[in-house]
Amino acid sequence: MIRLLKIGAVALCFGYVAATLARNLDEFRALEFGFRPGPLVAGFPLALAYLVGRALVWHRIAARLIGPTGLRTDVLSWLGSLVGKYLPGKLFLLVGRVTLYRSRGAPAGRVGVAFAVEASCGTLASLSVFAASRLGGSTPLPGGWAAALATLAAALVVATHPAVFTPLARLALRAAGHPIETIALRWRDVWGWTFAMACNWMLLGAGFTLLLRSLTPVAADFTLTASGAFAIAGVAGALAVFAPSGIGVREGVLTLVLSGPLGPGVAAAAAILARLWLTLAEAMVSGAALWVVRAEHVE
């Protein structure tokens, strides 16, 4: 029954995107320049750069909370674990990372702590970019969204303070059978990592803006709006634990947020194209990282 409910939820999200596109086909067909692959291709290196940037932020988190495992190990572990996003449940992301670190002798508990901090910082960064993108007087959010997002942000700000995070993490680790003595988390590190991830979202937003230009003319200053839309859609996809890589949910939220500035038809088409675009980038870097890891083990 639960499996059917999960499938039904994903189907409903995709149904919303498909129905939006179908209802606005005339708008999509009337695009001024039609589909242009050039900007789409030009934006792809920015998607790759975003993923490498996230891996570098993970390296800083891992160096602080796991230990000096090295830049190469940290980057390969983060990129290689991306394949876990496409399996049901978000735990496979963590399992993949723990597996790769275990061969280096890193305790699973420390990897789990670093993973939780990274997820919290990433969500705070996404919410910050989305909030900044709304300052320009964009289309009002659906009822209840603003309050829910503000509540989530406030909860994360409190939860990431070392005085709160450390005892909670120790309690969770003890319950899981992975107790650790110290958790060297500093709040200034949390904000530094959050800021770095927010900048990284802007990099992906620039690539997404180029993707949008393959469908319709958009100005360069649309980058902040595009970054915010992609960021909040990413949060929704991450929270939808029933959907592998947030599939369907991310597209639905992206369509909803961009329908105002772009029109429903273009927004729906962009959401579908963005899924293919970012999935290809993730497959490339994750495949390359796993190939390197496997080659090292063979040697």
Side-chain angles (χ1 to χ4, degrees), residues 13 16-17 20 39-40 42-44 46-47 49-51 53-54 57 118-157 160 190-240 246 249-275 277-278 281:
C13 292
Y16 165 73
V17 176
T20 301
L40 178 65
F44 191 69
L46 294 177
Y50 160 78
L51 295 171
R54 282 295 302 266
V57 176
E118 182 204 20
S120 299
C121 292
T123 303
L124 276 172
S126 301
L127 293 173
S128 300
V129 172
F130 181 64
S133 73
R134 310 303 295 182
L135 296 178
S138 303
T139 308
L141 290 173
W145 272 46
L149 294 178
T151 300
L152 175 59
L156 286 172
V157 168
T160 52
V190 169
W191 291 113
W193 298 328
T194 299
F195 177 74
M197 290 185 188
C199 294
N200 214 36
W201 269 118
M202 293 299 297
L203 185 66
L204 184 62
F208 184 48
T209 301
L210 288 171
L211 180 148
L212 291 172
R213 284 183 181 175
S214 69
L215 298 175
T216 188
V218 292
D221 60 4
F222 193 74
T223 297
L224 181 57
T225 300
S227 301
F230 217 111
I232 199 61
V235 170
L239 292 176
V249 177
R250 192 173 76 189
E251 287 72 34
V253 172
L254 197 56
T255 299
L256 184 63
V257 174
L258 290 179
S259 287
L262 295 179
V266 175
I272 295 170
L273 192 58
R275 165 65 67 178
W277 177 72
L278 190 56

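- Remark: L273 CG to S214 OG distance equals 5.5 Å, nearest 0.5 Å.
- A donor-acceptor distance shorter than 3.5 angstrom exists from the side chain of R213 to the backbone of V218, with no hydrogens or angles considered.
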Side-chain donor/acceptor pairs under 3.5 Å, residues 121-128, sequence neighbours excluded:
unit_1 : atom_1 : unit_2 : atom_2 : d
T123   : OG1    : A119   : O      : 2.9
S126   : OG     : G122   : O      : 2.9
S126   : OG     : W201   : NE1    : 2.9
S128   : OG     : L124   : O      : 2.8

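- In this structure, L258 CG and T225 OG1 are separated by 8.5 Å, a value rounded to the nearest 0.5 Å.
- Considering CZ of F195 and CG of N200, their distance stands at 11.5 Å, rounded to 0.5 Å.
- Residue pairs meeting the ring-ring contact (aromatic ring centres under 6.0 Å, His included) criterion with at least one partner in residues 209-231, sequence neighbours excluded, are F208-F230.
- Taking every heavy atom of both residues into account, T209 and A219 meet most closely at CG2-O, 4.2 Å.
- Atom CD1 in I232 sits 11.0 Å away from atom CG in L256 (nearest 0.5 Å).
- For S227 against A206, the heavy-atom pair with the smallest separation is OG-N, 4.3 Å.
- Rounding to the nearest 0.5 Å places CG of L204 at 13.5 Å from CE of M197.
- Considering all non-hydrogen atoms of both residues, T255 and A267 come closest at O-CB, 3.6 Å.
- When all heavy atoms are compared, the tightest approach of L210 to P39 is O-CB, 3.1 Å.
- Minimum interatomic distance between A196 and V57 (heavy atoms only, all atoms of both residues): CB-CG2, 3.9 Å.
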Tell me, with the steps shown, if F130 and V257 meet side-chain contact (heavy atoms from CB on, under 4.5 Å).
CA-CA 10 Å; F130 181 64; V257 174; 4.1 Å; yes
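- Expressed to the nearest 0.5 Å, how far CG of L51 lies from CG of L278 amounts to 6.0 Å.
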